[in-house]
Amino acid sequence: MSGNGASSSSLNMISGEDVVNNNLSALVVDDSPLLRLLHDIHLKKYGLKVQVAENGKVAVDLFHLGASFDLVLMDKEMPVMNGVEATKELRAMGVTSMIVGVTSKDGPGEQQAFMEAGLDYCFEKPLTPEIISFLLEELNKHNNKN
């Protein structure tokens, strides 16, 4: 797992009840219908409003049309526009949402280029409820500072 200092011990200390927030929205970007559904279900359990996209181009187009999301779960390997390209494009557009890379390849070399595209975190998929709790806790901390 890569990111800004998240350790497995800190992930275990977070309880789901602490991070439920009905005001947060998420975009799940993955070419796998199964993983889109799995992440959609997990996020909705925490009260998030969820939208899904099957590739990076659809995600970028949504932002071009004025959509905004607090959290973006971005798959790395997708047809049409992959996660690295989509993340670079979103950051170039000024998107400040938390973008979390989700990849089936957990090697440090695989994650480095993805992180350099502008991710906040990168995890191996599928995301577990503990990782989602951690991400929502980080989002809540960020939102409370603003």
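One is the number of the first residue; the rest follow in order along the sequence. Computed from a prediction, not measured in an experiment: that's the story for all the values here.
Two different hydrophobic clusters hold Leu65 and Val72 under the rule that ILVMFWY side chains link at heavy-atom gaps under 4.5 Å. Hydrophobic clustering keeps Tyr46 apart from Leu35 (ILVMFWY residues linked when any side-chain heavy atoms are closer than 4.5 Å, directly or through intermediates). Under the 4.5 Å side-chain contact rule for hydrophobic residues, Leu127 and Leu34 do not share a cluster.
A distance of 5.5 Å separates NE2 in His39 from CD1 in Ile132, rounded to the nearest 0.5 Å. One finds the NZ atom of Lys125 at 6.5 Å from the OG atom of Ser32 (value rounded to the nearest 0.5 Å). Atoms NZ and CD, from Lys141 and Glu137 in turn, are 5.5 Å apart once rounded to the nearest 0.5 Å. Here the CZ-CD distance, from Phe114 to Glu77, works out to 8.5 Å after rounding to the nearest 0.5 Å. Put simply, CD1 on Ile99 and CZ on Phe69 are 11.5 Å apart, with the number rounded to the nearest 0.5 Å.
The only option from Leu24, Leu27, Leu71, Leu38 that meets the side chain to side chain contact (heavy atoms under 4.5 Å, CB included) definition with Leu43 turns out to be Leu71. The one candidate from Asp40, Val29, Asp30, Val28 that meets the side chain to side chain contact (heavy atoms under 4.5 Å, CB included) condition with Leu73 is Val28.
The minimum heavy-atom distance linking Ala59 with Ala53 is given by the pair N-CB, 4.1 Å. Ser68 and Phe63 get closest at one heavy-atom pair: CA-CE2, 4.0 Å. When every heavy atom of Asp31 is checked against every heavy atom of Pro33, the shortest pair comes out as O-CD, 3.3 Å. Nearest approach of Asn55 to Lys57, heavy atoms of both residues: OD1-N, 2.9 Å. Nearest approach of Ala86 to Met81, heavy atoms of both residues: CA-SD, 3.6 Å.
Under the 4.5 Å side-chain criterion, counting only non-hydrogen atoms from C-beta, Ser104 is not in contact with Glu124. Contact check for Cys122 versus Thr103: side-chain heavy atoms found under the 4.5 Å cut-off. The closest side-chain heavy-atom distance from Tyr121 to Glu138 is below 4.5 Å. The shortest distance between side-chain heavy atoms of Ile131 and Leu135 falls below 4.5 Å. Taking the side chain as every heavy atom from C-beta outward, Asn23 and Leu48 never approach each other to under 4.5 Å. Side-chain contact check for Met74 versus Val100: every heavy-atom pair is 4.5 Å or farther apart. Between Leu62 and Gln51, the closest side-chain pair of non-hydrogen atoms falls below 4.5 Å. Contact check for Glu89 versus His64: side-chain heavy atoms found under the 4.5 Å cut-off.
Classification of Asp120 and Arg91 as a salt-bridged pair holds, one side-chain N sitting under 4.0 Å from a carboxylate O.
A donor-acceptor distance shorter than 3.5 angstrom exists from the side chain of Asp70 to the backbone of Ser25, with no hydrogens or angles considered.
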### Task
Show the numbers, then the answer: is there a side-chain contact (heavy atoms from CB on, under 4.5 Å) between Lys44 and Ile41?
CA-CA 5 Å; Lys44 284 181 178 172; Ile41 290 168; 6.0 Å; no
### Message
Show, in sequence, the C-alpha distance, side-chain angles and deciding distance for Val60 and Leu90, and conclude whether the side-chain contact (heavy atoms from CB on, under 4.5 Å) test is met.
### Response
CA-CA 6 Å; Val60 169; Leu90 291 173; 4.1 Å; yes
### Query
Does the pair Lys76 and Val84 meet the rule for a side-chain contact (heavy atoms from CB on, under 4.5 Å), with working shown?
CA-CA 6 Å; Lys76 183 178 181 207; Val84 174; 4.1 Å; yes
